[in-house]
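In what follows, chains carry the letters A, B, and so on, assigned in the order in which the sequence lines appear, proteins first and then strands, with residues in each chain numbered from 1. The structure presented is a predicted model; accordingly, all values stated were derived computationally and were not measured.
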Protein chains: 2
Amino acid sequence: MDNTDSLKLSQQLCFPIYSVSRLLTKAYKPYLDEIGITYPQYLVLLVLWEKDDISIQQISDKLLLNTNTISPLLQRMEKRDLIERNRCHKDERSVKVKLTEKGSELKLRAVPIPEELLNVLITENIRLPEIKQLKSVLEEWITVLSTHESNNK
Amino acid sequence: MDNTDSLKLSQQLCFPIYSVSRLLTKAYKPYLDEIGITYPQYLVLLVLWEKDDISIQQISDKLLLNTNTISPLLQRMEKRDLIERNRCHKDERSVKVKLTEKGSELKLRAVPIPEELLNVLITENIRLPEIKQLKSVLEEWITVLSTHESNNK
DNA sequence: TGCAACTATATCGTGCACGATACAAATTTA
DNA sequence: TAAATTTGTATCGTGCACGATATAGTTGCA
């Protein structure tokens, strides 16, 4: 074992996460295609279905995505009549995002999606408690990584 | 708890993976900036440092990335004089990718990177055995998800 | 041998991500 | 209250991802 073994792909921590993230997004695709949205648009809708009429900044905070990613994303969603964007009266800098009727109605059609995805994942080697445990570990990582990130700003 | 609770962002399985993947890539950035490459380019180099002079298809298989992603990526890497691309004599359809001297030399400068990243992650709540266990769980997921994907083709 | 099927790569179009920059509105501060 | 700073969005440029499509080279088989 020489000192460059740490650079083997199989040794990397980052690669499995990166790959699983892409593969999971791909696994969502057929279900999201059916209701005509992309994966990041689905995330925005999850936020709005939970709490409607919020600012772009609030969406950005919840999804950990920069506003320069979300801004054009929301513009595309507005074009598809999923949401409305209006300047906030109290603070004219801020833009409030609200679901349209079409956007609200998609919620019902989205309800079965998480379960379908779980069924894809759950096999002999992957069981529900394991998935839940992994989720909580990853949430701890998010805390560490997003703190680390803001420390570097 | 109504039947739409499964659509809460905090309930989602996909979101933590997606976020950790992005945050991890961001955490790599300062180290990769220093040697002038992007994260996906780093992955390609990891593959080539381990086994040089292989085809685009072989890189695609190892990284689970489509060739239509890797093709332009390699073109950018060739422009930056990290690799060479040459048609294979035995099979003129195939393109062999080879490290340049500059590409090979980057390996030494990349050696410390994985350890630096581990130091970012390891805290009171995240320890090395936990990270290793998570890595093996994710590798199981890759198997399941990539099998599922190829079943749908 | 001829031609259909397959394989390896490239190109195109769309949609993220994100750093850098711009800019107007709001807030702080001198 | 005027000037400096901060905040909230938008825009621009670059680099992925990936489905769809194109194309040249190879293989299989009637």
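Taking only distance into account, the side chain of B:Arg93 meets the base of C:dT7 through a donor-acceptor pair shorter than 3.5 Å.
Under 4.0 angstrom from either OP1 or OP2 of D:dA10 there lies at least one side-chain N or O belonging to A:Arg85. Residue A:Ser94 places at least one side-chain N or O closer than 4.0 Å to OP1 or OP2 of D:dT9.
Rounded to whole Å, the distance from CG on A:Asn66 to P on D:dG15 is 18 Å. For the pair B:Leu63 CG and D:dC16 C1', the interatomic distance rounds to 13 Å; values are reported in whole Å. Protein atom OH of B:Tyr28 is 16 Å distant from nucleotide atom P of D:dC16, rounded to whole Å. Between the P atom of C:dC16 and the NZ atom of A:Lys79 lies a distance of 12 Å, rounded to the nearest Å. In this structure, A:Leu65 places its CG atom 16 Å from C1' of D:dG8, rounding to the nearest Å. What separates CD1 of B:Ile70 from C1' of D:dG15 is a distance of 14 Å, to the nearest Å. Separating the CG atom of A:Leu32 from the C1' atom of D:dG19 is a distance of 15 Å, rounded to the nearest angstrom. Atom-to-atom, CD of A:Glu92 to P of C:dA24 comes out at 14 Å; the value is rounded to the nearest Å.
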Next on the checklist: Checking B:Asp61 against B:Gln57 for the side chain to side chain donor-acceptor pair (under 3.5 Å) test, could you report, in this order, the C-alpha distance in whole Å, the side-chain angles of both residues, the deciding distance, and whether it holds?
Outcome noted: CA-CA 6 Å; B:Asp61 290 342; B:Gln57 190 55 57; 3.1 Å; yes
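Remark: the backbone N or O of A:Phe15 is paired with a side-chain donor or acceptor of A:Ser19 at under 3.5 angstrom. No side-chain donor-acceptor contact under 3.5 Å links B:Ser21 to the backbone of B:Ile17. Side-chain N or O atoms of B:Glu140 include none that pairs as donor or acceptor with a backbone N or O of B:Lys135 at under 3.5 Å. At distances below 3.5 Å, at least one donor-acceptor pair connects side-chain atoms of A:Asp91 with backbone N or O atoms of A:Arg93. Side chain of A:Asp53 to main chain of A:Lys98: no donor-acceptor pair is present (N/O by atom type, distance under 3.5 Å, no hydrogens or angles). A donor-acceptor pair is defined here as one N or O able to donate and one able to accept, closer than 3.5 Å; no such pair exists between the side chain of B:Arg127 and the backbone of B:Ile122.
A salt bridge between A:Glu92 and A:Arg87 is absent, with no side-chain N of the basic residue lying under 4.0 Å from a carboxylate O of the acidic one.
Residue pairs that meet the ring-ring contact (aromatic ring centres under 6.0 Å, His included) test with at least one member in residues 41-72 of chain A, sequence neighbours left out, are A:Tyr28-A:Tyr42.
Along DNA chain D, the nucleotide nearest to A:Tyr18 and the one nearest to A:Lys96 differ in position, and the one closer to the 5' end is contacted by A:Lys96. Heavy-atom distances to DNA chain D give each of A:Arg22 and A:Ser55 a nearest nucleotide, and the one nearer the 5′ end belongs to A:Ser55.
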Could you list all N or O pairs between the protein and nucleotides 11-14 of chain C that sit under 3.5 Å apart?
unit_1 : atom_1 : unit_2  : atom_2 : d
C:dT11 : OP2    : B:Gln75 : NE2    : 3.2

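Residues from residues 35-50 of chain B that place a heavy atom under 4.0 Å from any atom of DNA chain D, listed by number: B:Thr38, B:Pro40, B:Gln41.
In this structure, B:Ser60 reaches neither bases nor backbone, as no heavy-atom distance under 4.0 Å exists between it and the strands shown.
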